Amino acid sequence: MSVKSPRSRADKLSACRRAHISTWGLRLIRSLIQLGGLSVARTREVLEAVDRPLDAFETLGVVHHALPVPSADKTGKGGQGGGLRGGQGDSSPDSAGDETTSDDGSTARVETLIDSMGWQISGESPHRPALAESLAALTRLGADYTTDDLIPYARLATATADLDFMRLEGIDDRIALAERAVFLTVLFEPVVRLLGRLAQEDANHRRHHCRVSGGSESLAE
């Protein structure tokens, strides 16, 4: 009976490790391009960043800033529409801030909100200018939201973010962590929005004392 040398066992473990990384890497590439809407060039940048010995904080930061940025401006410059910026065809998420936000105080409101919530937000975050741009778009339509109006929504967002990060606990592999972050941001975000729509529908029924029975609606007595 032959006994495998320590070197052969190490080589086998190394090969298994490379195969594992390759599998996760392919899944992450598909997630970033097909689900995240990133260009091939931007996807390559994310993979190169994740391939470095990053900790969980840095890995999530790379993915979070790479994904398309939501915007209330439905015209979008990436050519994809749907109110997303920095998507397919646009190699950088920083395009969310390319347009100059009108001087209506939107940027100041965002900064005041961040300070009021005690949030720690990077100065390079593409979400700061995107939020200011969305608020400016609402203002142009006559729907002003003050900082006080936004704080209850920000508190809900904090609670949602904490729930999201609970789903990331215990994932040590940075490639798997990056992929799960894409799933949470791209796939689960619509679920959260739809839950909000259902809650609004329910609130409408409750506030107007209307019940749903057998698929039809009637006023409650």
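Here the structure is a predicted model, which is why all the values come from computation and not from measurement.
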Pairs involving residues 148-163, ordered by first then second residue, that meet side chain to side chain donor-acceptor pair (under 3.5 Å) (sequence neighbours left out) = W119-T158, T146-D149
Listed by chain and number, what are the side chain to side chain contact (heavy atoms under 4.5 Å, CB included) partners of E189, not counting sequence neighbours?
-> P70, T185, R193
Would you please name every residue forming a side-chain hydrogen bond (donor to acceptor under 3.5 Å, both in side chains) with D172, sequence neighbours left out?
-> none
CG of D164 to CZ of R180, rounded to nearest 0.5 Å, is 11.5 Å
Output side-chain donor-acceptor pairs under 3.5 Å for residues 111-118, partner residues at least two apart or in another chain, one line each.
{"from": "E111", "atom 1": "OE1", "to": "R128", "atom 2": "NH2", "distance (Å)": "2.6"}
{"from": "E111", "atom 1": "OE2", "to": "R128", "atom 2": "NE", "distance (Å)": "3.1"}
{"from": "T112", "atom 1": "OG1", "to": "A108", "atom 2": "O", "distance (Å)": "2.9"}
{"from": "S116", "atom 1": "OG", "to": "T112", "atom 2": "O", "distance (Å)": "2.8"}

Using side chain to side chain contact (heavy atoms under 4.5 Å, CB included) as the criterion, list what pairs up with A203, not counting sequence neighbours.
-> R206, R207
Determine whether L135 and L150 make a side-chain contact, defined as any pair of heavy atoms from C-beta on separated by less than 4.5 Å.
-> yes
Could you walk me through whether D144 and R109 pass side chain to side chain contact (heavy atoms under 4.5 Å, CB included), step by step?
-> CA-CA 11 Å; D144 271 324; R109 272 182 285 167; 4.3 Å; yes
At their closest point, which heavy atom of S106 faces which heavy atom of A132, and how far apart are they?
-> CB-O, 3.3 Å
Side chain to side chain, L163 and R167, heavy atoms closer than 4.5 Å = no
Taking atom OG of S125 and atom CD of Q120, what is their separation to the nearest 0.5 Å?
-> 13.0 Å
Atom CD of E201 and atom CG of L194: how far apart are they, to the nearest 0.5 Å?
-> 11.5 Å
To the nearest 0.5 Å, how far apart are CG in N204 and SG in C210?
-> 8.0 Å
Residues sharing L184's hydrophobic cluster, by side-chain heavy-atom contacts under 4.5 Å among ILVMFWY, directly or via others?
-> L60, F165, L168, I171, L177, F188, V191, V192, L195
Is it true that Y145 and I151 fall in one hydrophobic cluster, defined by side-chain heavy atoms closer than 4.5 Å?
-> yes
